[in-house]
Amino acid sequence: MSAPIPDPRDRLIVALDLPSVGAAESIVSRLGDTATFYKIGYELGFAGGLGFARELIAEGKKVFIDFKLHDIGNTVARGVASLAALGASFATVHAYPQTMRAAMEGKGASPLRILAVTVLTSYDDADLDEAGYRADVASTVAARVAQAREIGVDGIVCAPTDAAKVRGLLGAKGAIVTPGVRPDGAATGDQKRVATPFAAIRAGADHLVVGRPILASPDPAAAARAVQAEVARALSAQVPSA
Ligand SMILES: O=c1ccn([C@@H]2O[C@H](COP(=O)(O)O)[C@@H](O)[C@H]2O)c(=O)[nH]1
């Protein structure tokens, strides 16, 4: 049997950073068929979002649970096993070796893909220094990707500005997922390491996570389609002409 043809709409993951299931239902309905992949983080997750994740999956959408797990190995492995049973497509853990190994053990043979978060996109060198790290963002990302690759995690979450370097370190295998994506002119908010959808894809990202630029738009479906159009433009620019 041949491999399923990937749906290009899956390149965009819409972050449902919303306070209630009702608010999420409203955005999902306005996005309709435009969006196929949704991310659920703390805000919606702690407000009934896991039940909503189940509904989205039952409707054929893909779900990324972004709780960035980090705990003792037993707790991480068992938490990940529950996310695998839920039917999530992606789940995040912080890129600490013990945590990454536990997550890979917890997912078992399920299709859940474990993504290791390297350095949050809201952090710059000064933020790492303030948190007690003695290495800058670039070297911390590189060290974490090397460990993630060694452990065999399924993918990496990094800033779009790190994606080219991460792709070089990770090789062709392994998904690169980038939050911190901002269409030209969009407010950056608390994000510090940002790039446009076009630049992120050109740098080697497989999936872009976009929240506020879509959620805050008067027309979320148009905003999502604009991101997808940039993705398509970047992908076609990557293919050398015959
Ligand atoms: O390094 C990281 C890891 C995760 N995120 C999450 O992505 C979205 C981004 O939302 P925007 O509104 O597009 O800024 C959000 O859910 C974060 O928790 C990240 O931003 N950076």
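Each ligand, and each atom within it, is numbered from 1 in the order the structure gives.
Atoms of ligand 1 lying under 4.0 Å from any heavy atom of L120, numbered from 1 in the order shown and given with element: 1 (O), 2 (C), 3 (C). Within ligand 1, counting atoms from 1 as listed, the ones closer than 4.0 Å to a heavy atom of R212 are 11 (P), 12 (O), 13 (O), 14 (O).
Counting only distance, with no hydrogens or angles, the side chain of R167 and the backbone of G171 share a donor-acceptor pair below 3.5 Å. Under the 3.5 Å distance criterion, the side-chain polar atoms of E105 are left unmatched by any main-chain donor or acceptor of M100.
The residues D154 and K107 are annotated as salt-bridged, a charged nitrogen and a carboxylate oxygen being separated by less than 4.0 angstrom.
Nearest-heavy-atom check against atom 7 (O) of ligand 1 across P179, A15, A159, C158 picks out P179. Among R193, E43, K39, R182, the residue whose heavy atom lies nearest to atom 11 (P) of ligand 1 is R182. With distances taken over non-hydrogen atoms, the option nearest atom 21 (N) of ligand 1 out of V209, T121, V177 is T121.
Side chain to side chain, S122 and D190 fail the donor-acceptor criterion of an N or O pair below 3.5 Å.
The closest protein non-hydrogen atom to atom 15 (C) of ligand 1 is D17 OD2, 3.2 Å. Among protein heavy atoms, the minimum distance from atom 3 (C) of ligand 1 is reached at K68 CE, 3.5 Å. Closest protein heavy atom to atom 9 (C) of ligand 1: Q191 NE2, 3.7 Å. Taking atom 13 (O) of ligand 1 as the reference point, the nearest protein heavy-atom neighbour is G211 N, 2.8 Å.
Among D124, T188, D162, T121, the one residue that satisfies the side-chain hydrogen bond (donor to acceptor under 3.5 Å, both in side chains) test with R193 is D162.
Contacts with ligand 1 closer than 4.0 Å are made by side-chain heavy atoms of D66 only, the backbone lying farther away.
Geometrically, R144 engages Y96 in a cation-pi contact defined by less than 6.0 Å to the ring centre and at most 45° from the axis.
Counting only heavy atoms from C-beta outward, the side chains of H94 and T118 never approach each other to under 4.5 Å.
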